[in-house]
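Worksheet for the structure shown next.
Order of appearance sets the numbers: ligands from 1, and atoms from 1 within every ligand.
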Amino acid sequence: MAQIILVVCDGLGDRPVKALSNKTPLAAARKPNLDYFAKNGITGLMHTINRGVAPGSDTSHLAIFGYDPEKYYFGRGPFEALGAGFELKEGDVAFRGNFATVDSHKIIDRRAGRLENNEAFVKAINGLKINNVNFFVLPGVSHRAAVVMRGKNLSSDVSDSDPHAEGVAPPVVKPLTKTKSAIFTSSVLNKFLEKSNDILSKLPENSQRIKEGKPPANCILVRGAGMFKKIPSFFERYKLKAACIAGGSMYKGVARSLGMEIVDVVGATGTPETNLAGKFKTALQLSSSYDFVFVHIKGTDVFSHDGDYQGKKRFIEKIDSAISELKNSGALLVVTGDHSTSCELKEHTADPLPIMISGPGVRTDDVKTFSERSCASGALGHIRGLDLMPELINLLGRTKLYGE
Ligand code: ZN
Ligand code: ZN
């Protein structure tokens with residue numbers, strides 16, 4: 001039987017919204033099941049990284065799993081590649097990539113019309129070899145991809161080719177340090193990008209897209225360079241056999257970098273339309289063969305970035321009804337987020353987020369509902385992301401004696 005089920009609702013925390021009578025979307029949502037767990041559990045607030053830090057999803061997940069990002073974060077790219085199912089080797093340099101549309105040297109669509117199918121485009125530029133460096137291109141969802149460089153003398157100290165804006169030319173990749181490896185890496189990468197864009201622009205699939213009035217995927221942009229290094233596995237650390245249920249490839253990548261088993265659920269897309277019921281049902285099924293099941297839900301963050309507080313509230317209500325599946329799991333159930341994302345600011349903020357743990361051996365507190373405000377008076381107090389795993393190991397009764 002699983003000992004721990006951890007549910008991370010991305011960007012769960014929020015700020016008061018005027019139109020919701022100054023409540024947060026979580027506080028305004030009707031959520032009898034989450035409230036039930038809070039009432040029967042221990043609650044608190046969590047800064048996944050630290051006060052005053054607005055965390056990215058990658059660093060915050062590492063921290064929640066007990067891995068200090070200061071030590072174990074090596075950039076976003078490797079997580080994307082791992083999440084796409086690629087076997088990275090130590091020394092590989094990986095990037096997030098996306099197909100874009102360029103016209104007269106200027107980016108006119110950073111997402112190439114949110115490409116429905118990227119297979120032909122990925123295939124066209126996968127496997128190129130330049131100056132003895134092998135390039136692997138892995139498909140992501142829609143316009144997204146990951147790019148991996150494998151070879152000698154590589155460095156991740158290189159800039160992005162993605163300007164994060166439209167109407168400008170993709171910038172040339174530059175070395176960020178004066179080391180030979182950074183200079184070499186940027187030069188080879190620029191050659192790859194130039195060659196790729198040339199191949200892409202001549203692709204029959206793009207002529208077809210133009211004919212259909214769609215923006216061609218004639219350019220690949222890369223960002224978030226990181227060099228892959230092996231990390232001590234979750235099992236080595238905690239002796240817990242772990243599984244991950246997530247839609248987004250980055251989350252799968254973080255879990256894979258820690259040696260977790262990735263379990264695919266049909267319809268788990270990492271979007272607001274994801275198959276929530278399927279995710280929780282699978283979590284329950286997995287709980288018979290794994291000690292730790294991590295469930296990631298992205299929709300809360302997506303609505304926040306869109307400023308759609310009603311959508312976020314309704315999505316939390318959907319999570320609430322689907323999570324009833326876990327009522328009698330017998331495991332420690334943890335529900336929290338990885339950071340707050342404000343619907344008003346449409347950005348991640350440094351506000352702490354609510355957390356609750358319910359299940360066997362948990363000392364309850366007087367908190368009866370699950371929200372930013374109610375959890376502020378919970379008995380767990382105010383913790384950091386790195387405190388979560390030690391708290392859980394203690395609840396499992398496995399904390400080592402300090403002293404005699
Ligand atoms: Zn996040
Ligand atoms: Zn976000």
Geometry at the Zn ion (ligand 1) - His339 NE2 versus Asp338 OD2 angle, rounded to 10 degrees: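 Approximately 100° at the metal, rounded to tens of degrees.
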
Measure from the Zn ion (ligand 2) to every N/O/S atom of Asp301 and report the name of the nearest one.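 The Asp301 atom nearest to the Zn ion (ligand 2), restricting to N, O or S, is OD2.
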
So, of the N/O/S atoms that His348 has, which is the nearest one to the Zn ion (ligand 2)?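 The nearest such atom is NE2.
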
With a sphere of 6.0 Å drawn around NZ of Lys239, does it hold more than 12 non-hydrogen atoms of other residues, nucleotides or ligands?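 Enclosed: over 12 neighbouring heavy atoms sit under 6.0 Å from NZ of Lys239.
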
Step through the shown structure and confirm whether more than 12 heavy atoms of other residues, nucleotides or ligands are within 6.0 Å of NZ on Lys327.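 Yes.
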
Have a look at Asp10 and say which of its N, O or S atoms is nearest the Zn ion (ligand 1).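 Result for Asp10 and the Zn ion (ligand 1): OD1.
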
Counting backbone and side-chain atoms alike, is an N, O or S atom of Ser57 positioned under 2.8 Å from the Zn ion (ligand 1)?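 Within the cut-off used here (under 2.8 Å), Ser57 does place an N, O or S atom near the Zn ion (ligand 1).
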
Side chain to side chain contact (heavy atoms under 4.5 Å, CB included) partner of Phe99, chosen from Asp109, Leu200, Asn218: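 The option that passes is Leu200.
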
Salt-bridge test for Arg223 and Glu80: reply yes if a basic N is under 4.0 Å from a carboxylate O, no otherwise.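 Salt bridge: no.
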
Do the side chains of Arg209 and Glu116 get close enough for a salt bridge, i.e. N-O under 4.0 angstrom?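 Salt bridge between Arg209 and Glu116, a charged N being under 4.0 Å from a carboxylate O: yes.
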
